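Heads up: the structure comes next, in structure tokens.
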Amino acid sequence: MALKDYQEDVEMCCRCSTCKFVPMQKIKGLKYATVCPSIAKFNFHAYSGGGRINLINALLKKKVQPNDKLKDIVYNCQLCGACGVSCNYAMDFKVLEPITELRMKCVEDGRTVPALDRTVAAMKQNGTMVAGDKRGAWADGLNLKNASKEKTDVLFFTGCQISFNKGLNKLAKAAVNILQKAKVDFGILGDAEICCGGRAYQMGYRDDFIAQAKKNLEMFKKAGVKTIVTACADCYQAFKVLYEEYNLRGGIEVLHITEYIDRLLKSGKLKLTKSVPLTVTYHDPCRLGRQGEEYVHWQGQRKPGGFFMFDPPRVYRRGTGGVYEPPRDVLKAIPGVRIKEMNRIKEYAWCCGAGGGVAESNPEFSAWTAAERIDEAVSTGAEAIVSACPWCEKNFTQAVKDTGGILKVYDIVELVEKAL
Ligand code: SF4
Ligand code: SF4
């Protein structure tokens with residue numbers, strides 16, 4: 001798609017500002033009613049979902065010209081997708097897609113941010129988004145099957161953040177421990193693993209994402225992979241949704257580790273026996289939740305007339321088909337764990353702040369967004385915030401540290417491991 005292909009979508013915006021909030025019908029309170037970190041932080045309409053698509057409309061009609069202010073608006077957005085979900089509660093047109101496409105256009109036109117250029121250059125050169133020397137070092141001594149040498153039905157894909165962030169290696173080790181306990185025959189790619197490319201896509205570098213996806217698909221096919229299991233929400237969304245959109249998934253099943261654990265628990269292959277006495281609140285990662293629902297290919301025609309009527313009807317991704325229950329079911333299966341929900345959950349969850357390249361391009365905005373979520377988590381009275389993505393855990397851990405809080409931060413796999 002090109003930006004001009006979204007002309008009709010962006011013209012549909014009626015400037016109602018619903019995209020800034022949890023829809024009126026779903027709102028639970030005034031305090032945690034906003035969904036868009038960008039408008040909440042920068043407080044100017046152009047920084048909202050609607051503002052951005054109004055800007056695209058103006059750009060397409062040549063009413064405004066690209067400048068440095070445009071760059072600031074384009075990159076100070078986590079591409080979390082909350083705007084599109086709230087808008088699409090009542091409206092049928094695309095919001096996140098044209099916003100993402102504007103970023104692609106900025107990259108094509110050379111209107112980039114140095115921090116993101118560096119990150120993507122590192123991915124191209126070293127196959128990673130996160131600096132480090134030896135990708136598979138976390139698995140040294142674990143004697144795991146190497147999928148780059150042996151055929152593997154089930155591949156545990158580690159991801160850059162978990163592989164290279166020493167403080168987050170524990171998530172891979174916990175996942176491996178759980179899979180071994182359930183006697184799952186699985187492999188890892190170890191040092192041969194490379195970045196999924198999903199975050200490069202979010203940053204606007206489509207060609208680099210596609211090149212990365214092709215390399216990965218070739219590796220998966222060679223290894224005979226039938227199912228990919230990952231503990232990273234960004235990798236999950238890349239493999240399941242983006243690879244599918246670009247016809248590069250190769251028919252491989254993609255599961256988040258919480259979905260896989262949920263299956264193991266429900267089939268009786270895994271039992272959690274030890275008590276983990278803890279009151280937790282669960283944070284839905286954007287790319288496991290609202291952006292984690294299946295991509296549906298559509299081919300058809302728009303019916304004549306001023307409205308969005310398609311033959312066959314076009315399927316909108318409204319965020320409701322994301323992975324919401326498996327993580328909650330896994331938490332409920334851990335003896336001693338009690339869940340207290342935040343106001344903004346599931347498709348209306350507030351972002352952790354790390355997405356869309358914001359962690360790299362504007363760390364201060366990223367940290368502010370995480371601190372807002374920590375404040376909401378604390379308001380529930382929970383002792384810990386639990387997520388299912390290393391990028392969330394990294395951002396939340398830092399936010400708690402920066403604000404001098406005492407809230408504990410975990411990934412679900414850490415709690416499951418404690419209960420084995
Ligand atoms: S994008 Fe949707 S929700 Fe936002 S102002 Fe436009 S019509 Fe309203
Ligand atoms: S993608 Fe997220 S941060 Fe960007 S405009 Fe939409 S709600 Fe705001």
Side-chain angles (χ1 to χ4, degrees), residues 6-27 32-58 70-104 106 113 198-199 201-204 233-234 237 241 284-287 289-292 307-308 316-319 322 344 346-359 361-362 364-370 372-373 391-392 395:
Y6 293 104
Q7 179 77 67
E8 287 167 346
D9 289 274
V10 297
E11 280 178 2
M12 286 289 283
C13 174
C14 65
R15 304 190 180 203
C16 65
S17 285
T18 300
C19 51
K20 298 170 186 168
F21 303 97
V22 177
M24 207 57 101
Q25 299 85 340
K26 297 280 179 179
I27 216 158
Y32 302 109
T34 55
V35 291
C36 171
S38 186
I39 186 68
K41 170 78 171 155
F42 299 103
N43 200 23
F44 188 75
H45 184 65
Y47 288 81
S48 67
R52 288 183 168 89
I53 65 171
N54 295 160
L55 183 58
I56 293 166
N57 196 14
L70 173 91
K71 231 164 76 168
D72 195 66
I73 294 165
V74 167
Y75 290 99
N76 279 307
C77 159
Q78 278 92 355
L79 291 176
C80 69
C83 49
V85 167
S86 283
C87 174
N88 287 178
Y89 190 79
M91 307 284 275
D92 269 350
F93 66 89
K94 296 186 175 181
V95 179
L96 181 64
E97 290 86 345
I99 294 175
T100 308
E101 196 59 47
L102 176 57
R103 203 171 273 200
M104 307 292 178
C106 281
V113 173
R199 287 181 70 85
Y201 185 86
Q202 294 167 34
M203 291 171 191
D234 279 62
Q237 194 255 356
V241 181
D284 294 277
C286 303
R287 286 170 181 81
R290 59 181 159 252
Q291 291 198 44
F307 295 100
F308 264 32
Y316 285 85
R317 300 175 71 247
R318 297 174 197 278
R344 293 172 292 191
K346 301 183 179 176
E347 66 265 40
Y348 305 116
W350 178 265
C351 174
C352 79
V358 171
S361 66
N362 190 344
E364 189 269 327
F365 173 37
S366 179
W368 175 87
T369 307
E372 290 287 302
R373 189 58 159 169
W391 296 88
C392 301
N395 247 25

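Only a predicted model underlies this, so the values are computations on that prediction, with no experimental measurement involved. Read the numbers this way: they start at 1 and go in the same order the structure lists the ligands and their atoms.
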Look at [atom] and say which protein heavy atom is nearest, naming residue and atom and giving the distance to 0.1 Å.
| atom | answer |
| --- | --- |
| atom 7 (S) of ligand 1 | Cys14 N, 3.5 Å |
| atom 5 (S) of ligand 2 | Arg52 NH1, 3.2 Å |
| atom 2 (Fe) of ligand 1 | Cys87 SG, 2.4 Å |
| atom 3 (S) of ligand 1 | Cys19 N, 3.2 Å |
| atom 4 (Fe) of ligand 2 | Cys77 SG, 2.4 Å |
| atom 8 (Fe) of ligand 1 | Cys16 SG, 2.3 Å |

Quick check against the 3.5 Å criterion: does [X] have a side-chain atom that pairs as donor or acceptor with the backbone of [Y]?
| X | Y | result |
| --- | --- | --- |
| Thr18 | Cys87 | no |
| Arg318 | Asn88 | yes |
| Trp350 | Ala82 | no |
| Asn395 | Cys352 | yes |
| Asp9 | Lys94 | yes |
| Arg290 | Glu347 | yes |
| Glu97 | Tyr6 | no |
| Ser17 | Lys20 | no |

Report task. Examine Cys80 and say whether one of its N/O/S atoms is closer to atom 4 (Fe) of ligand 2 than 2.8 Å. Result ->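 Under 2.8 Å: Cys80 has no N, O or S contact with atom 4 (Fe) of ligand 2.
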Query raised in the report: Does a donor on one side chain and an acceptor on the other come within less than 3.5 Å for Tyr47 and Asp72?
Result: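 Indeed, the side chains of Tyr47 and Asp72 share at least one donor-acceptor pair under 3.5 Å.
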Which atoms of ligand 1 have any heavy atom of [X] under 4.0 Å away?
| X | value |
| --- | --- |
| Thr18 | 3 (S) |
| Ser17 | 5 (S), 8 (Fe) |
| Cys13 | 1 (S), 5 (S), 6 (Fe), 7 (S) |
| Arg15 | 5 (S), 6 (Fe) |

Requested in this report: Indicate the atoms forming the closest heavy-atom contact of Ile27 with Ala33, along with that distance.
Outcome: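 Ile27 and Ala33 have their closest heavy atoms at CD1-CB, 3.6 Å.
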**Report entry** Best match, Gly84, Gly50, Cys36: closest heavy atom to atom 1 (S) of ligand 1
**Finding:**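 The nearest heavy atom belongs to Gly50.
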Query raised in the report: Of Cys83, Cys351, Ala82, Gly49, which has the heavy atom at the shortest distance from atom 6 (Fe) of ligand 2?
Result: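 Residue with the shortest heavy-atom distance to the ligand atom: Cys83.
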Report task. Record the part of Ser86 in heavy-atom contact with ligand 1 below 4.0 Å; permitted values are side chain, backbone, both and neither. Result ->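 Neither part.
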Query raised in the report: Which is it for Phe93 and ligand 1 at heavy atoms under 4.0 Å: side chain, backbone, both or neither?
Result: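 It is the side chain that touches ligand 1; the backbone stays farther off.
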Query - Stacked cation flag Arg287 on Trp391, 6.0 angstrom / 45 deg - result: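 No, Arg287 and Trp391 do not form such a contact.
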Query raised in the report: Gln78 heavy atoms, cut-off 4.0 Å: which ligand 2 atoms fall inside?
Result: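 Contacts of ligand 2 toward Gln78, numbered from 1: 3 (S).
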**Report entry** Atom indices of ligand 2 within 4.0 angstrom of Gly81 heavy atoms, with elements
**Finding:**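 What qualifies from ligand 2 is 1 (S), 2 (Fe).
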